Asks: 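Take a look at this one; I'll ask things after.
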Amino acid sequence: CRPGFFKASPHSQSCSKCPPHSYTNEEASTSCVCEKDYFRRESDPPTMACTRPPSAPRNAISNVNETSVFLEWIPPADTGGRKDVSYYIACKKCISHAGVCEECGGQVRYLPRQIGLKNTSVMMVDLLAHTNYTFEIEAVNGVSSLSPGIRQYVSVNVTTNQAAPSPVTIVKKGKIAKNSISLSWQEPDRPNGIILEYEIKYFEKDQETSYTIIKSKETTITAEGLKPASVYVFQIRARTAAGYGVFSRRFEFETTPVFAASSDESQIPIIAVSVTVGVILLAVVIGFLLSGSCCECGCGRASSLCAVAHPSLIWRCGYSKAKQDPEEEKMHFHNGHIKLPGVRTYIDPHTYEDPNQAVHEFAKEIEASCITIERVIGAGEFGEVCSGRLKLPGKRELPVAIKTLKVGYTEKQRRDFLGEASIMGQFDHPNIIHLEGVVTKSKPVMIVTEYMENGSLDTFLKKNDGQFTVIQLVGMLRGIAAGMKYLSDMGYVHRDLAARNILINSNLVCKVSDFGLSRVLEDDPEAAYTTRGGKIPIRWTAPEAIAFRKFTSASDVWSYGIVMWEVVSYGERPYWEMTNQDVIKAVEEGYRLPSPMDCPAALYQLMLDCWQKDRNSRPKFEEIVNMLDKLIRNPSSLKTLVNASSRVSNLLSDHGPLGSGAYRSVGEWLEAIKMGRYTELFMENGYSSMDAVAQVTLEDLRRLGVTLVGHQKKIMNSLQEMKVQLINGMVPL
Ligand code: ACK
């Protein structure tokens, strides 16, 4: 063979041209040499082109859910000429202030795997809470190992959120008698926050259906009323603001027989000393409580002493009606049917004769000198909303949002303004906006909350139209549902759940905000007066709440369905420009909002479930959270979208074609929605009348060459809006 050609075997008939990216300068070659930066694996046949490592994956995005991170990316622009591209995930844990990063080590789990990923997504679980991680997604192919070149990866930085505590692992037995067992245990290795209490579950061995639960703020308990000479199984779990951790493994201890001495009689003197010390400590604690210094955790000396010396008391003075709480609550369960005694319920601040008392019961007083106001970020009903910083003694400086009460307020305005803090202060959940405290002792009166970098969800979504993956949107919805589950468990009905009342932070964590009683609705520009005189945000409200003010968690579920619709349609206004009266009428007649564009069928089905007329048939928030978790764990279940043509034909079915009432020609209509550039395209393809236009589906638009998603949305939404106006209704259920 001459140069540039080769013959792999002497039996071959003819010489072959060197495959792409290879050459030979010599005669009689049996193979060709790869060009610089191109390679051939041993298993590649000599007739195959030389290939090179792929370029880096593109557009990596992350979705953080507590201590799990979901990563998604698109394949590299250049696969290097091979089909065997796979991905490898490198994980680094970084200490932000020091700028030092280290390998994550073996405790992180990768689903489905870390190496050799064929799909363009992966989930990392069991990460540490509140930790910065860098993930490098590297694309590799069959020749990457032959290339000495630099690694081709894209990196993503994320910060994990709060997590429930890790399990209690060390449990020790104390005094054991014929009717009682005392235990002590160590705090979990990773508490991930301040431990608010422990829950101890125990039952007689093999009698698991009848168990007892004790709650304790200490790391010791005594289970009493036990049977002599019987084995009991104990399990313990810790609770922080993020919720309960998982139960520990089972620990078994046996009570002594009726006539045996208790196991620790020799320890009586030690116990006597401990009791004395305990009594002294108790006296000190009571002293603090009575002095009231604890309940004024501001910048003063006494309060910082309170925070440092008695960290466990902050929770008491901040949120709970501590004096009514016994240190240990106990409740018996048979077949697990009785509600947990520890689930706190919301206390209506109106039940307090003096509203100031409610504020100070549930909110910390902050000294104004601890707050630095930086800029105004919006206007609230009672005054400006600002961003700033809060520096409490002994604590890290925090970015905060500050709601102020404008000067010249009436006593009622002050009460209503602070009412929100009295409500917010009772909540403690990662998806509920967190109250830092209030300033009531100086002016202006302020409510200080955690700062949410991305502001309110509706504005944020409108600004970032089409920018998120379905998984990211579902992550947002999951957070909102988890917050709402917490509120409904507490017995609080929100009444004004809407995307404008959800705040979103830089990790895309959504938190429910805007709490109040009647005030909520008065300050909401969406709220309208009903014939019965109430003020209600009609588009978000369940029919029974509009008709006879039946506000329940089930009516919140209806509103949640509307929020789902707002999120998936990136902040579109529900029912567009229909009037409130038309909305009420259409919903009453059984019409429902159509699916947003590109909406996974599973999500639209969930919306329709939330909009069941019979409120008892709607899902509970717990079921919604479980359903969304399932979808997040199995992203392929989100791939089936609501059929684009049925989405539109639903609106049309039985209601005749779109009339020409609104616009006289296709051109006029397209001009009106600033899409005039497509007039010719429509006319050329037979869509020359408004009736013909009524049949256009998203697929038709794509086929015609309207490729920009924003334009597709504008056209489809306008069509829908016109149809809705025409039929005075929506999708019939
Ligand atoms: O959409 P935004 O930027 O988010 O405009 C409104 C404005 O204040 C009036 O309510 C913003 N806002 C309210 N609370 C917070 C908060 N905790 N963090 C950040 N922004 C907030 C809201």
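Indexing begins at 1, ligand by ligand and atom by atom, following the structure's order. These figures come from a predicted structure and were not determined experimentally.
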Asks: Taking the six-membered ring for Trp, are F382 and Y409 closer than 6.0 Å centroid to centroid?
Replies: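 No, ring centres 6.0 Å or more apart.
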Asks: Got L435 and E450 here, is their nearest side-chain heavy-atom distance under 4.5 Å?
Replies: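 Not touching, per the 4.5 Å side-chain cut-off.
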Asks: Taking the six-membered ring of W540 as reference, does the cationic atom of R500 (NZ for Lys, CZ for Arg) lie under 6.0 Å from its centre and within 45° of its axis?
Replies: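 Yes, R500 sits over the ring of W540.
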Asks: For ligand 1, list all ligand N or O to protein N or O distances below 3.5 Å, rounded to 0.1 Å.
Replies:
residue, atom, partner, partner atom, Å
ligand 1, 1 (O), S456, N, 3.1
ligand 1, 1 (O), S456, OG, 2.4
ligand 1, 4 (O), S456, N, 3.1
ligand 1, 17 (N), T449, OG1, 3.3
ligand 1, 17 (N), E450, O, 2.9
ligand 1, 18 (N), M452, N, 2.9

Asks: List the residues meeting salt bridge (charged side-chain N to carboxylate O under 4.0 Å, His left out) with R478, not counting sequence neighbours, and say none if there are none.
Replies: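 Per chain and number, R478 pairs via salt bridge (charged side-chain N to carboxylate O under 4.0 Å, His left out) with D629.
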Asks: Can you say whether the rings of H429 and Y486 are parallel (under 30°), tilted (30 to 60°) or perpendicular (over 60°)?
Replies: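 Ring orientation, 0 to 90° scale: tilted.
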Asks: Go through K713 and D465 one step at a time and tell me if the salt bridge (charged side-chain N to carboxylate O under 4.0 Å, His left out) criterion holds.
Replies: CA-CA 10 Å; K713 267 186 98 164; D465 194 352; 2.9 Å; yes
